[in-house]
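Protein chains get the first letters and strands the later ones, always in sequence-line order, with residue 1 at the start of each. Keep in mind that what you see is a predicted model, and the values were worked out from it rather than measured.
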Number of protein chains: 2
Amino acid sequence: MLTGDGAYIKKINRQYILKVIYEEVKISRANLAKVTGLNKATVSVQVNDLINDELICETREEHNVVGRRPILLSINESAAFFLGIDLDYDYILFNITNLKGDTVKYEKIELNTDIYEEIADLVANRIKHYEQEYSWAKFGLAQTYIAVHGTVSTDEVIHFIPTYQWRDKDLKDDLIQKGINYLHVENNANLAAYAERVFHYHTSDNLILLNLSSGIGSGIIINGELHRGFHGHAGEMGHMIIYPKGRPCRCGNEGCWERYASEPAFFDYANRLLDHRIYTEQDVTKLIEVNNDEIITALNKWIADISIGINNIINLYNPEMIVLNSPILGSYKNSLNEINKHLTSSVSHYRDIVISGLGAKSAVVGACAMGIQNFLELPDLSLNATNNSVSA
Amino acid sequence: MLTGDGAYIKKINRQYILKVIYEEVKISRANLAKVTGLNKATVSVQVNDLINDELICETREEHNVVGRRPILLSINESAAFFLGIDLDYDYILFNITNLKGDTVKYEKIELNTDIYEEIADLVANRIKHYEQEYSWAKFGLAQTYIAVHGTVSTDEVIHFIPTYQWRDKDLKDDLIQKGINYLHVENNANLAAYAERVFHYHTSDNLILLNLSSGIGSGIIINGELHRGFHGHAGEMGHMIIYPKGRPCRCGNEGCWERYASEPAFFDYANRLLDHRIYTEQDVTKLIEVNNDEIITALNKWIADISIGINNIINLYNPEMIVLNSPILGSYKNSLNEINKHLTSSVSHYRDIVISGLGAKSAVVGACAMGIQNFLELPDLSLNATNNSVSA
DNA sequence: AATTATTTTGTTTATAAAACAAATAAAAAA
DNA sequence: TTTTTTATTTGTTTTATAAACAAAATAATT
């Protein structure tokens with residue numbers, strides 16, 4: 001537990017003021033005092049500190065109401081930059097935002113190796129490149145978060161990545177050895193869940209994100225905070241048993257949800273019905289567009305199994321929002337209707353189920369946002385960046 | 001969000017000092033300063049405030065080391081009393097503790113009505129009786145928490161109690177109308193989970209309690225706080241589907257865990273195997289004592305289904321502790337072994353599964369502890385009371 | 001058009017509250 | 001008497017607050 005002294009007061013009031021500046025985008029000192037409830041003098045002193053630290057800046061703007069014209073304050077967006085890296089199987093995404101959370105760079109690198117050392121080298125060089133590129137800024141490249149598609153322990157060591165078959169890799173420490181600083185490693189679904197809250201569902205303190213791809217990943221926000229669990233392995237929802245003695249799973253059990261609700265499971269359903277084999281999300285989209293009967297049947301059967309898991313999640317967590325991130329579900333207009341049709345239990349309570357608007361970028365923009373929150377030591381963060389959507 | 005000022009600092013330091021006094025039971029001012037890191041002068045001032053408020057008291061004790069003899073400080077246990085009420089179906093438990101969390105009174109009243117108004121009257125009169133009885137204490141009966149075996153909404157309105165078939169009953173407000181104050185209504189499993197943390201697993205920030213009785217109730221502690229969910233209905237684990245198209249459930253779905261892992265489900269298993277019908281927990285205990293083959297078979301089959309749900313819970317929550325509260329499991333020595341045998345998945349992570357040491361008293365002692373925490377406005381609480389065990 | 005009044009913003013000054021640091025007093029064993 | 005430990009006192013620093021003040025803009029009046 002923490003003891004309180006003068007410095008601690010000043011810190012929490014500074015955090016509060018920064019939070020309000022983020023939310024209001026542009027706000028005067030007088031208004032800051034009104035919104036926060038702090039004294040005008042207190043706000044003035046804090047604001048001057050923030051200006052000296054170059055974290056916020058003043059702008060004079062047109063003003064047509066009576067009284068002295070206010071000096072508007074806003075985040076100094078070019079003070080610091082933040083890198084998010086999504087370490088997927090056959091490609092790596094790099095995304096950089098400014099201090100406001102606006103994306104200023106987005107790059108995708110195809111991978112043709114799965115050797116840990118090679119990938120670590122590649123990532124290290126790339127980070128160093130960006131560090132150079134933004135070295136002109138007051139705080140340069142201030143924080144980097146790496147999203148990995150597997151379990152990460154509480155000490156940020158990679159526990160297991162199924163697609164790479166990497167176990168117990170201390171990527172953070174290995175990169176630190178290569179001279180990289182201000183670095184964090186986090187599960188991709190956790191970052192995606194965080195992104196949904198920071199960029200879209202600001203007020204949702206109980207939010208669950210489900211990633212349906214080669215496996216099932218989930219990020220859980222409870223009481224406004226990420227729920228990582230005791231070892232950091234919470235949210236392994238794919239290994240919830242929904243068909244006892246069902247299909248064998250790599251985890252050693254039988255009937256895991258992942259074997260029914262992941263994308264490979266869907267392709268199995270579909271290819272059993274169709275007269276020609278399909279392999280990609282584009283193949284599915286095309287068939288949906290022409291209203292192919294077999295693909296609709298396969299989709300609905302898949303969704304029935306997805307819904308069993310969602311029913312269980314709702315009963316355990318009573319979430320406010322459930323955000324689904326799946327290209328296939330996203331391209332099938334009827335998917336949310338179908339899911340809701342299955343959630344008829346009288347004890348299931350949730351507010352809304354939606355499809356993610358961030359899509360493939362969710363982990364990297366969440367990574368950047370977490371960098372901002374960590375850099376400014378804020379207890380929470382709401383961003384209104386507009387250029388992080390699926391299509392961007 | 002909260003602004004910081006002097007009063008806020010003073011409050012958090014006061015909370016910290018109280019917390020340390022609870023943990024250390026008896027401690028001098030000098031030691032308090034060392035443990036908290038606060039200045040000796042600060043501790044002296046705070047301690048004098050607490051003595052003036054009659055929340056702590058000084059004692060002089062034997063002391064054989066060199067130097068001035070310290071004045072030991074401890075909680076003034078008779079300053080305030082706390083009532084916990086467990087509103088079960090055919091009986092009501094009343095438990096009163098002092099400010100240290102030691103039980104000073106425990107009463108059980110058999111019920112022969114299920115009419116809401118009658119029960120509310122009975123409870124109100126009983127609370128008034130205890131208020132009188134402890135009116136001599138500085139703060140009298142300071143807080144009352146009522147545990148109900150059903151869902152409670154975030155506004156403390158009873159949403160649904162299956163055994164009583166009560167829906168949307170505002171028991172809290174109805175009792176306030178009858179002149180009762182400082183009153184809270186909470187789900188019984190939440191209070192039981194809280195009790196496990198406060199009285200036993202002080203350091204466990206990720207703890208799940210499972211109550212297996214007529215239904216399945218659960219209390220979830222995540223990041224050190226109770227997880228109630230958006231509406232307050234989190235932890236309806238009994239309605240997780242584990243056998244799609246299985247046994248019909250009152251919730252409208254089929255194959256809910258409750259239909260396989262609750263005590264009625266066990267009695268069904270057992271009575272299908274045995275040559276005579278059994279009805280009570282005592283019947284089961286007797287058969288276990290004589291090593292009856294059929295009862296062991298039934299137990300193990302029941303435990304297999306319990307384990308499926310526990311596997312799912314572990315994968316979703318990655319808890320540190322799982323505490324099981326079930327008289328039948330408690331009386332079957334082999335139960336934890338059997339459960340662990342089923343948890344073989346390579347991705348399931350937990351630290352320990354145990355049987356509750358609080359048993360039937362868990363909800364009422366948790367209720368009293370929550371009263372203490374609420375009364376002193378502490379962020380968390382560890383108690384070392386010794387007279388709250390199952391047998392007491 | 002010039003002047004005065006009003007309103008709002010932001011700063012200055014004095015005060016109060018809290019923690020802290022250092023010196024001092026108290027008490028007990030060596 | 002000396003040493004050691006505990007607890008209090010005195011004075012300082014930091015921070016927020018309240019109230020007065022200064023600055024800057026519009027509105028109203030002459």
Side-chain angles (χ1 to χ4, degrees), chain A residues 1-21 24 26-53 56-74 377, chain B residues 1-21 24 26-53 56-74 377:
Chain A
M1 206 168 136
L2 205 68
T3 61
D5 61 358
Y8 181 61
I9 303 186
K10 194 159 187 190
K11 185 175 171 185
I12 61 176
N13 287 339
R14 178 188 169 109
Q15 291 169 343
Y16 192 9
I17 287 170
L18 270 172
K19 175 189 155 87
V20 173
I21 296 174
E24 306 287 328
K26 277 185 157 68
I27 186 169
S28 68
R29 288 170 175 79
N31 246 328
L32 266 176
K34 270 183 209 152
V35 172
T36 59
L38 291 163
N39 188 277
K40 286 196 293 173
T42 307
V43 169
S44 269
V45 171
Q46 289 270 16
V47 161
N48 286 340
D49 285 357
L50 289 169
I51 289 173
N52 283 334
D53 292 345
I56 63 174
C57 48
E58 296 185 324
T59 51
R60 285 208 100 87
E61 299 226 337
E62 275 309 307
H63 189 74
N64 298 318
V65 292
V66 74
R68 176 175 165 178
R69 185 196 293 171
I71 305 165
L72 294 179
L73 305 163
S74 56
E377 302 181 77
Chain B
M1 207 168 134
L2 205 69
T3 61
D5 61 359
Y8 180 61
I9 299 187
K10 192 160 187 188
K11 185 175 171 184
I12 61 176
N13 287 339
R14 177 187 169 111
Q15 291 169 343
Y16 192 9
I17 287 170
L18 272 172
K19 175 189 157 87
V20 173
I21 295 175
E24 306 286 331
K26 277 185 157 66
I27 187 169
S28 68
R29 288 170 174 80
N31 247 329
L32 265 177
K34 269 182 210 152
V35 172
T36 59
L38 289 164
N39 188 277
K40 286 196 291 175
T42 307
V43 169
S44 268
V45 171
Q46 289 269 17
V47 161
N48 286 339
D49 284 358
L50 289 169
I51 289 172
N52 283 333
D53 293 346
I56 64 174
C57 48
E58 297 184 326
T59 51
R60 289 206 97 87
E61 298 228 338
E62 275 309 306
H63 190 73
N64 299 318
V65 293
V66 73
R68 176 172 166 180
R69 186 197 294 171
I71 305 165
L72 294 179
L73 305 162
S74 56
E377 301 182 76

*Atom CD1 of A:Ile27 to atom P of C:dG10: distance rounded to whole Å?*
10 Å

*Which part of the nucleic acid, if any, lies within contact of B:Ala30, taking any heavy atom under 4.0 Å across all strands shown: a base, the sugar-phosphate backbone alone, or nothing?*
sugar-phosphate

_Between P of D:dA16 and CG of A:Asn48, the distance in whole Å_ = 13 Å

*So what does A:Ser28 touch, heavy atoms closer than 4.0 Å: a base, only the sugar-phosphate, or nothing?*
sugar-phosphate

*Can you tell which of C:dA21, D:dT17, D:dA7 lies closest to the side chain of A:Leu38?*
D:dT17

*Rounded to the Å, how far apart are B:Leu32 CG and C:dC20 P?*
14 Å

*Separation of D:dT15 C1' from A:Tyr16 OH (nearest whole Å)*: 18 Å

_Classify B:Gln46 by what it touches in the nucleic acid, base, sugar-phosphate, or nothing, heavy-atom distance under 4.0 Å._
sugar-phosphate

*Report the distance from atom OH of B:Tyr8 to atom P of C:dA16, rounded to the nearest whole Å.*
26 Å

*Which heavy atom in B:Gln46 sits nearest to a heavy atom in B:Lys10, and how many Å separate them?*
NE2-O, 3.0 Å

*Presence of B:Asn39 side-chain N/O under 4.0 Å of C:dA19 phosphate oxygens OP1/OP2*: no

*Write down the distance between CD1 (A:Ile51) and C1' (C:dG10), rounded to a whole number of angstrom.*
12 Å

*How close do B:Val43 and B:Arg29 get, heavy atom to heavy atom, and via which atoms?*
CG1-O, 3.6 Å

_Value in whole Å for how far the C1' atom of D:dA16 lies from CD1 of A:Ile17_ = 11 Å

*Looking at the side chain of B:Lys40, which of C:dT9, C:dA23, D:dT9 is the nearest nucleotide?*
C:dA23

*Phosphate contact (D:dT8 OP1 or OP2) by B:Arg29 side-chain N/O below 4.0 Å*: yes

*With a 4.0 Å cut-off on heavy atoms, is A:Lys10 in touch with a base, just the backbone sugar-phosphate, or nothing at all?*
sugar-phosphate

*Using atom CZ of B:Arg69 as one end and atom C1' of C:dA25 as the other, report the distance to the nearest whole Å.*
18 Å

_Any side-chain heavy-atom pair of B:Leu32 and B:Ile21 under 4.5 Å_ = yes

*About how many Å separate CG of B:Leu72 and CD1 of B:Ile27, when rounded to the nearest 0.5 Å?*
9.0 Å

*asked:* Any side-chain N or O of B:Thr42 below 4.0 angstrom from OP1/OP2 of C:dC20?
replied: yes

*Which is true for A:Asn13 with a 4.0 Å heavy-atom rule: it touches a base, it touches only sugar-phosphate, or it touches nothing?*
sugar-phosphate

*Between CG of B:Asn31 and OG1 of B:Thr36, what distance do you get to the nearest 0.5 Å?*
10.0 Å

*Between D:dA16, D:dT9, D:dT6, which one does the side chain of A:Ile9 approach most closely?*
D:dA16

